[in-house]
Amino acid sequence: MSSVVLAFDLGGTKTSCALVSGGKILEKSEEKTVKTDTAEDLVAQISKMGKPWVDRAKSISVATLGLVKGASWSAPTLGLKDGKNFPLAERIYSSLNKDVTLVNDAQAAAWGEYRFGAGQEKDMLFVTVSTGVGGGLVSGGRLIQGKTGLAGHIGHIQIDPHGLKCTCGRKGCLQTYVSGEGIAFSGQAYYEDATTKDVFAQAKKGEKWAKDILDTSTSLLTIAISNAKSMLDIEVAVVGGSVGLADGYIGMLREKMSEEGDMYSVEIVEAVLGKDAGLIGASDLSLKS
Ligand code: ADP
Ligand code: ZN
């Protein structure tokens, strides 16, 4: 009982709830995240999902999209009227009555991979290449969250101030080129309604335009990972997400990384915890705090 944590993963599309112990999921449920303009409805959904299991848990941990600053939470992309500096931890505490730890979802996933997955307890950057590009940093045995919760958000490194509009409001962030959405958007210049999977399939068939799109995605991500080494001296990059783990993607990254000299080269490994990384990492962080 003592090491069991009730963990949530609050995403824009889905919300998961699980009982987690020692990096293992004991029970898990998943629902579509309610469509709403108020954070209170999200609290109600989390409370309802957690009620059946909360008595078995020592504490509560929430991996969430958006920015976490201590116990408060901001989710600029959800369009909530109360979504800025919302007291999410306190609101969940008042309905489920156990201590609540909040963590950004990619940062939680980074910690999960570090402790129980592919990170091998090395200084690492976690990168998830999915609809967007998320990230998290672990250095010297600590998850680096930052005062405003922004640390590790590699997808929002700006690479072209005149580039495509990003979901964060800025132009030309890395994810606008590298992510699934970026890859699909680039593919649509070649045929209507191209999806990310279509681009991968066409590249496999040898279509030059599709190979070029994946080449751009993996080249830019390799540069960003090497830059992370120059800033933080990371030893390993753990790459996950449906695009990151799609056929051939990691191979391309490794090939590009092999062209870097030793000083800036980073070992690239596949994430192994999949969609549970956030739940597992968040639960472990709640036991630490
Ligand atoms: P999320 O963004 O919700 O975390 P995923 O990690 O599954 O979810 O990423 C979704 C993105 O991955 C979408 O852009 C989708 O088109 C793309 N995708 C899903 N499966 C594949 C695949 N087999 N090959 C290439 N891209 C894929
Ligand atoms: Zn951005």
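Here the structure is a predicted model, which means the values were calculated and not measured. Note that ligands are numbered from 1 as they come in the structure, with each ligand's atoms numbered from 1 the same way.
- Residues Ser283 and Ala7 approach most closely at CB-CB, 4.3 Å, considering heavy atoms.
- Salt bridge status for Asp9 with Lys14: absent, with no side-chain N to carboxylate O gap under 4.0 Å.
- Not close to ligand 1: Thr13, with no non-hydrogen atom less than 4.0 angstrom away.
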(message) side chain to side chain donor-acceptor pair (under 3.5 Å) for Asp82 and Thr38? Distances and angles first, verdict last.
(response) CA-CA 6 Å; Asp82 50 356; Thr38 157; 3.1 Å; yes
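- A salt bridge does not link Glu260 to Lys229: none of the charged side-chain nitrogens sits closer than 4.0 Å to a carboxylate oxygen.
- Under 4.0 Å from ligand 1, the heavy atoms of Ala246 that appear belong solely to its side chain.
- Test Val239, Leu137, Ile234, Val238 against Phe126 for side-chain contact (heavy atoms from CB on, under 4.5 Å) and you get one pass: Val238.
- For atom 17 (C) of ligand 1, the closest non-hydrogen atom of the protein is Val243 CG2, 3.8 Å.
- In this pair, Trp209 and Tyr190 present their aromatic rings parallel. The plane angle is below 30°, not in the 30 to 60° band.
- Between Ser130 and Gly241, the shortest heavy-atom contact is CB-CA, 4.4 Å.
- Against a heavy-atom cut-off of under 4.0 Å, Thr196 is close to the following atoms of ligand 1: 14 (O), 16 (O), 26 (N).
- Of all protein atoms, those that are N, O or S and lie under 2.8 Å from the Zn ion (ligand 2) total 4.
- Here Arg254 does not pair with Glu267 in a salt bridge; the nearest charged N to carboxylate O distance is not below 4.0 Å.
- Ligand 1 places these atoms under 4.0 Å from at least one heavy atom of Phe200: 25 (C).
- Closest approach of Trp73 and Ala39 over heavy atoms only: CZ3-CB, 4.2 Å.
- With hydrogens left out, the protein atom closest to atom 9 (O) of ligand 1 is Ser130 CB, 3.1 Å, a heavy atom.
- Closest to atom 22 (C) of ligand 1 among all protein heavy atoms lies Lys197 CG, 3.5 Å.
- Among Ser242, Gly244, Gly248, the residue whose heavy atom sits closest to atom 18 (N) of ligand 1 is Ser242.
- The distance from ligand 1 to the heavy atoms of Gly180 drops below 4.0 Å at these ligand atoms: 14 (O).
- With sequence neighbours left out, the ring-ring contact (aromatic ring centres under 6.0 Å, His included) criterion links Tyr114 to Trp111.
- Salt bridge Asp212/Lys208: present, at least one basic N to carboxylate O contact under 4.0 Å.
- Of the protein's non-hydrogen atoms, Thr131 OG1, 3.5 Å is the one closest to atom 10 (C) of ligand 1.
- When non-hydrogen atoms are compared, ligand 1 lies under 4.0 Å from the side chain of Lys275 (C-beta onward) but not from its backbone.
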